[in-house]
> 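Handing you a structure now.
For ligands, and for the atoms within them, numbers begin at 1 and follow the listed sequence.
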Amino acid sequence: MAIKNKPGEEFDTVFSVNDSLELSSHHDYEHVQSRIFKIIVIGDSNVGKTCLTYRFCGSTFLKNPEATIGVDFRERTLELDGERIKLQIWDTAGQERFRKSMVEHYYRSVHAVIFVYDVTSLSSFESIPEWIEECSRHSVGPLVPRIMVGNKCDLRDRKEVHTSTAQCLADRYNFPLFETSAKDPAEKEHVDAIFLTLAYRLKSHKPLRLKQPSDSNIRYLWNQREQEAPTCQC
Ligand SMILES: Nc1nc2c(ncn2[C@@H]2O[C@H](COP(=O)(O)OP(=O)(O)OP(=O)(O)O)[C@@H](O)[C@H]2O)c(=O)[nH]1
């Protein structure tokens, strides 16, 4: 699928044969400190943010995802050039009613942003500038890497967003563009490549260590989810 970077753009995906993409468990690496990077995944409801992050962190396609309420956290530890990197992925809610109380949390101390649209939904693509605008309003600095992902490429007959149109928008903002499918098992490595591209970029540019969200924050999110869930009609 398309991976288009502008000439000279410092955003190539380069893999070393020694790089390990082992899925971390809570017990893995607990004795070794990893650098932790917070990545938020943003876009309209139903574009496949949960399925994409699940594909990357869980290696499978999540068959019956529920609408995300607030945020879901997933993480995966990678070993790149001998260094352990933990990607802490914030799968955000696309529906306004499930995200409004959380927006400040999404953007705080973020290291990278992934904007997702659905290639079979022109409206989800047309929303991307609004998501970019929201990101800017929350003071996400210009050096924070951003990428754009068109998901659901397996639905070829229903494609509404042409690659050239998406590329135009990506070029306007100077973002790399990826088109992929969380569903198609043949795209699994491509989904990995999207996150790896970011991981390499972060590894080489960001020395900061991010604290894990505290247990109380996570409890707050889960409590909120439990309170809101019964009203969800999705
Ligand atoms: N055909 C196809 N369907 C997909 C793909 N990714 C996700 N879906 C489907 O799209 C629907 C929405 O997926 P989610 O991952 O829940 O979407 P989301 O963006 O997280 O939605 P919110 O949580 O409401 O923001 C589900 O029915 C998925 O099965 C894909 O790559 N191909």
> Report, in ascending order of atom number, the atoms of ligand 1 lying under 4.0 Å from any heavy atom of S181.
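Reading through ligand 1 atom by atom, the close ones are 31 (O).
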> Using a 4.0 Å cutoff against the non-hydrogen atoms of K49, which atoms of ligand 1 qualify?
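Atoms satisfying the 4.0 Å criterion: 15 (O), 17 (O), 18 (P), 19 (O), 20 (O), 21 (O), 22 (P), 25 (O).
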> Check whether L78 and I147 end up in the same hydrophobic cluster, where Ile, Leu, Val, Met, Phe, Trp and Tyr are linked by side-chain heavy atoms less than 4.5 Å apart.
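Looking at the clustering, I147 is in the same group as L78.
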> What protein heavy atom sits nearest atom 8 (N) of ligand 1, and how far away is it?
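The protein heavy atom lying closest is K152 CE, 3.7 Å.
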> How far is atom 24 (O) of ligand 1 from its nearest protein heavy atom, and which residue and atom is that?
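The closest heavy atom on the protein side is S45 OG, 2.6 Å.
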> Using the ring of each side chain (for Trp, its six-membered ring), is Y107 parallel, tilted or perpendicular to H138, with breaks at 30° and 60°?
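The rings of Y107 and H138 lie parallel, inter-plane angle below 30°.
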> Please work out, at 4.0 Å between heavy atoms, whether the side chain, the backbone, both, or neither of L155 comes within that distance of ligand 1.
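Side chain only.
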> More than 12 foreign heavy atoms under 6.0 Å from NE2 of H162: is that the case here?
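Check fails, neighbour count at 12 or below.
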> Could you tell me whether atom 27 (O) of ligand 1 has a protein heavy atom closer than 4.0 Å?
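Given the 4.0 Å limit, the answer for atom 27 (O) of ligand 1 is no, no protein heavy atom qualifies.
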> Give a yes or no on whether V140 and V103 share a hydrophobic cluster (residues Ile, Leu, Val, Met, Phe, Trp, Tyr; joining criterion: side-chain heavy atoms under 4.5 Å apart).
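Yes, same cluster.
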> What residue and heavy atom of the protein are closest to atom 13 (O) of ligand 1, and at what distance?
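Heavy-atom neighbour on the protein nearest atom 13 (O) of ligand 1: G48 CA, 3.7 Å.
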> Quick one: nearest non-hydrogen protein atom to atom 12 (C) of ligand 1, plus distance?
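Going by distance alone, atom 12 (C) of ligand 1 is nearest to N46 OD1, 3.1 Å.
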> Among protein heavy atoms, which sits nearest to atom 31 (O) of ligand 1, and what does the distance come to when rounded to 0.1 Å?
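Checking every protein heavy atom, the shortest distance to atom 31 (O) of ligand 1 gives A182 N, 2.9 Å.
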> Does R74 qualify as a cation-pi partner of F56, given the criterion of NZ or CZ under 6.0 Å from the six-membered ring centre and within 45 degrees of its axis?
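No, cation not above the ring by the 6.0 Å, 45° rule.
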> Name all residues meeting the salt bridge (Lys or Arg N to Asp or Glu O under 4.0 Å) criterion together with R99; count only those two or more places apart in sequence or in a different chain, and write none if there are none.
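R99: salt bridge (Lys or Arg N to Asp or Glu O under 4.0 Å) contacts with E134.
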> In the protein, which heavy atom is nearest to atom 15 (O) of ligand 1, and how far is it?
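Among all protein heavy atoms, the one nearest atom 15 (O) of ligand 1 is C51 N, 2.9 Å.
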> Who's closest to atom 16 (O) of ligand 1 heavy-atom-wise, of G43, P65, A67?
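That would be P65.
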> For D44 and ligand 1, answer yes if some heavy atom of the residue is under 4.0 Å from a ligand atom, otherwise no.
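It does; at least one heavy atom falls under 4.0 Å.
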> For the atom pair CH2 (W90) and OG1 (T53), what is the distance rounded to the nearest 0.5 Å?
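The distance works out to 13.5 Å.
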> Have a look at ligand 1 and work out which part of V47, if any, has a heavy atom under 4.0 Å from it: side chain, backbone, both or neither.
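It is both parts that get close, each with some atom under 4.0 Å.
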> Where is the nearest protein heavy atom to atom 23 (O) of ligand 1: which residue, which atom, and how far?
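Checking every protein heavy atom, the shortest distance to atom 23 (O) of ligand 1 gives T68 N, 2.7 Å.
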> Indicate, as side chain, backbone, both or neither, the part of N151 found under 4.0 angstrom from ligand 1 when only non-hydrogen atoms are considered.
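The answer is the side chain of N151.
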> If you apply the rule side chain to side chain donor-acceptor pair (under 3.5 Å), what do you find for T180 with E187, and how did you get there?
CA-CA 7 Å; T180 195; E187 287 285 302; 2.7 Å; yes
> Judged by modelled atom types alone, do D118 and S124 share a side-chain donor-acceptor pair under 3.5 Å?
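Note: D118 and S124 side chains miss the donor-acceptor criterion.
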> May I ask whether Y54 places a heavy atom under 4.0 Å from ligand 1?
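No.
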> Do F115 and F175 have ring centroids that are under 6.0 Å from one another?
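When the ring centroids of F175 and F115 are compared, they turn out to be within the sub-6.0 Å range.
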> Just to confirm my output: which protein heavy-atom neighbour is closest to atom 29 (O) of ligand 1, and how far is it?
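Looking only at protein heavy atoms, the one closest to atom 29 (O) of ligand 1 is F61 CZ, 3.5 Å.
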> State the atoms of ligand 1, each with its element, that fall below the 4.0 Å cut-off from a heavy-atom position in D154.
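Answer for ligand 1: 1 (N), 2 (C), 30 (C), 31 (O), 32 (N).
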> Can you confirm whether more than 12 heavy atoms, excluding those of Y106, are under 6.0 Å from its OH atom?
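Correct, the count exceeds 12.
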